[in-house]
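The shown structure was predicted, so the numbers you read here are calculated from the model rather than taken from an experiment.
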Amino acid sequence: MPGPTLNFLCISTYFKGVDFLKSCKAEGNNVYLLTLKKLDKEDWPWEFVDDVFYVEQWNDTDVQKGVAYKFRSIKFDRFVALDDFDVERVAALREHFRMPGMGSTTARHFRDKLAMRFKARDEGINVPQFTALFNDSDINNFANTVNPPWLLKPRSEASAAGIKKLHNNNDLWEKVHALGDERDNYLIEKFAPGNVYHVDGLQIDGNVIFSRVSKYLDTPFDVAHGGGVFRSASCEIGTEPEQGLSKMNAQVMKAFGMKYGASHTEFIESKETGALFFLETSSRVGGANLAEMVEFASGVNLWKEWARVETATLRKTVYKLPKIINKYAGIVVSLSRFEHPDTNGFNDPEIVWRMNKPWHIGLIVVSDNSERVLELLDTYTQRIAHDFHASSPAPDKLHE
């Protein structure tokens with residue numbers, strides 16, 4: 001294996017990144033995993049992990065001291081956050097140990113929705129109208145000049161967790177007062193109905209080297225708050241939205257200082273005007289099995305290639321993407337009222353993946369024709385909604 005053996009400390013407080021760990025080891029590196037003790041029974045690829053370090057619960061000081069102790073005998077070359085919730089924690093560790101990679105300031109742009117809004121606006125990238133909740137006058141000015149509905153968003157939650165839709169001033173101030181001393185950890189922005197897209201990509205040397213544009217057919221917000229069925233599908237390559245979003249994604253990555261790694265970025269296309277707006281981004285592989293969908297459409301395993309990018313960057317070697325294919329894929333996922341739903345009734349040849357998770361049902365389809373993907377997703381969604389679907393209420397972050 002060319003190049004020196006590197007020591008990667010991969011950190012995750014969720015069961016994530018199996019393919020990253022495998023690929024990192026396949027590149028000839030030593031792979032160390034730092035995770036929570038409660039995840040010790042998960043199906044980690046143990047044969048690709050040289051050692052594992054557990055913590056009962058995350059405490060910044062304790063983790064820092066623990067890593068410092070291990071550093072005495074293991075000279076770590078890279079810290080990697082495998083989950084969105086760990087990005088800022090790992091950035092702080094990099095700062096402390098003077099480790100190359102994304103530091104705390106840049107990491108904030110990929111975790112803090114308010115920081116994202118300010119940074120994007122300052123760089124001339126379209127964002128929905130918004131305000132922080134620091135100052136009462138600013139909140140009133142926003143409410144008096146921006147027509148409802150509005151979205152109340154936690155600054156550092158992943159996906160659609162904790163988001164509330166507000167319809168008037170009374171509703172707004174009721175929620176703000178309910179937040180109490182936590183209000184500075186939230187923002188309010190204009191709710192603009194429209195198509196929501198995600199761009200999943202890879203960066204190296206500050207340049208986007210791969211990206212795929214996909215469209216949520218049912219948005220994470222709608223699914224989380226309406227109990228729907230989650231769907232996403234590849235956008236047709238070469239269309240105006242696909243080209244516009246690819247360009248805008250590159251602008252966001254440059255503006256936010258993304259040097260290398262994987263990213264998952266969301267945008268909205270205004271239903272009223274057709275304008276594109278940046279919503280949020282993250283310096284990691286997208287969740288909800290979107291990575292599998294992207295791989296079936298493009299031939300690029302984002303977890304695997306992220307590990308190769310990290311290794312090439314450290315070794316100062318040339319990274320080469322695998323051969324790209326241009327197919328179209330779509331995913332449908334739902335909670336199921338059956339612990340182990342029988343999907344044998346779904347037997348179209350386009351099916352390439354079936355979810356294996358208790359109380360869930362999910363399928364990925366692939367075709368050379370984007371319309372065929374959408375047709376199958378529509379049919380499957382109706383069948384799943386009728387024969388399998390179950391829902392649970394979205395968690396109320398204001399009262400947990």
Side-chain angles (χ1 to χ4, degrees), residues 80-81 84-88 90-92 94-95 100-132 134 151 153-159 186-190 192 194-216 235 240-270 273-287 290 294 302 305-306 309-310 313 319 321:
V80 180
D84 204 25
F85 285 99
D86 302 310
V87 168
E88 286 183 288
V90 175
R94 292 192 193 103
E95 296 272 12
M102 185 182 293
S104 295
T105 300
T106 302
R108 191 101 184 178
H109 294 144
F110 288 88
R111 276 289 294 153
D112 183 338
K113 292 181 175 67
L114 184 61
M116 292 180 200
R117 292 286 176 272
F118 278 113
K119 183 63 174 177
R121 188 180 67 184
D122 291 346
E123 296 288 340
I125 298 169
N126 274 354
V127 294
Q129 292 170 283
F130 71 94
T131 185
F134 304 145
L151 293 178
K153 289 185 172 183
R155 291 170 58 175
S156 295
E157 289 292 338
S159 186
Y186 288 74
L187 72 146
I188 292 176
E189 70 180 28
K190 169 71 176 174
N195 295 318
V196 181
Y197 297 85
H198 57 97
V199 182
D200 299 273
L202 294 167
Q203 289 73 226
I204 196 166
D205 296 330
N207 298 308
V208 177
I209 57 170
F210 168 81
S211 66
R212 272 299 158 105
V213 180
S214 308
K215 179 181 176 182
Y216 291 119
C235 287
E240 188 172 337
E242 191 269 344
Q243 291 182 326
L245 289 164
S246 295
K247 180 179 179 181
M248 199 169 184
N249 177 65
Q251 292 173 330
V252 170
M253 292 299 106
K254 182 178 180 180
F256 283 28
M258 183 68 164
K259 299 301 182 185
Y260 50 84
S263 63
H264 172 80
T265 309
E266 298 184 351
F267 301 88
I268 190 165
E269 179 186 42
S270 170
T273 66
L276 298 175
F277 292 87
F278 164 70
L279 286 179
E280 59 187 70
T281 189
S282 53
S283 56
R284 45 91 179 173
V285 174
L290 294 175
V294 170
L302 291 166
E305 298 310 313
W306 178 15
V309 163
E310 294 273 3
T313 300
Y319 168 82
L321 271 169

Residue that, paired with Leu276, satisfies side chain to side chain contact (heavy atoms under 4.5 Å, CB included) out of Ile268, Asn195, Leu245: Leu245
Sequence-distant partners of Tyr197, ring-ring contact (aromatic ring centres under 6.0 Å, His included), two or more places apart: none
Between CD on residue Glu310 and CD1 on residue Ile204, distance to nearest 0.5 Å: 9.0 Å
Full working for side chain to side chain contact (heavy atoms under 4.5 Å, CB included) between Val199 and Ser246: CA-CA 7 Å; Val199 182; Ser246 295; 5.6 Å; no
Taking every non-hydrogen atom, the tightest pair across Glu269 and Pro241: OE2-CG, 4.3 Å
Which residues share a ring-ring contact (aromatic ring centres under 6.0 Å, His included) with Tyr319, sequence neighbours left out: none
Residue list, side-chain hydrogen bond (donor to acceptor under 3.5 Å, both in side chains) with Lys190, at least two apart or on another chain: none
Side-chain (Arg117) to main-chain (Leu279) donor-acceptor, under 3.5 angstrom: yes
Shortest non-hydrogen contact between Ser156 and Glu88, atoms and distance: OG-OE1, 4.1 Å
Flag side-chain contact, heavy atom, 4.5 Å: Met248 against Asn126: yes
Heavy-atom side-chain proximity of Phe110 to Met102 below 4.5 angstrom: yes
Residues forming a side chain to side chain contact (heavy atoms under 4.5 Å, CB included) with Phe134, sequence neighbours excluded: Leu114, Ala132, Arg155, Asp184
Candidate pair Glu123 and Gln251, rule side chain to side chain contact (heavy atoms under 4.5 Å, CB included), full reasoning: CA-CA 9 Å; Glu123 296 288 340; Gln251 292 173 330; over 6 Å; no
Closest contact, heavy atoms only, Ser270 versus Phe277: CB-CE1, 4.1 Å
Verdict with reasoning, Leu302 to Phe210, per side chain to side chain contact (heavy atoms under 4.5 Å, CB included): CA-CA 10 Å; Leu302 291 166; Phe210 168 81; 3.9 Å; yes
Aromatic plane relationship, His109 with Phe256 - under 30° parallel, 30 to 60° tilted, over 60° perpendicular: tilted
Given Ser283, Ser211, Ser263, the one that forms side chain to side chain donor-acceptor pair (under 3.5 Å) with Gln203: Ser263
ring-ring contact (aromatic ring centres under 6.0 Å, His included) partners for His264, two or more places apart: His198
Val90 to Ala81 - nearest heavy-atom pair and separation: CG2-CB, 3.6 Å
Rounded distance (nearest 0.5 Å) linking atom NZ of Lys254 with atom CG of Asn207: 9.0 Å
Working for side chain to side chain contact (heavy atoms under 4.5 Å, CB included), residues Leu321 and Leu202: CA-CA 10 Å; Leu321 271 169; Leu202 294 167; 4.1 Å; yes
Euclidean distance, Thr106 OG1 relative to Arg94 CZ, rounded to 0.5 Å: 10.0 Å
Pairwise salt bridge (Lys or Arg N to Asp or Glu O under 4.0 Å) hits with a residue in residues 200-216, at least two apart: none
Validation row: Lys113, Phe130 side chains within 4.5 angstrom (heavy atoms): no
pair Thr265-Phe278: side-chain heavy atoms closer than 4.5 Å: yes
Closest non-hydrogen atom pair, Gly286 against Arg284: CA-NH1, 3.4 Å
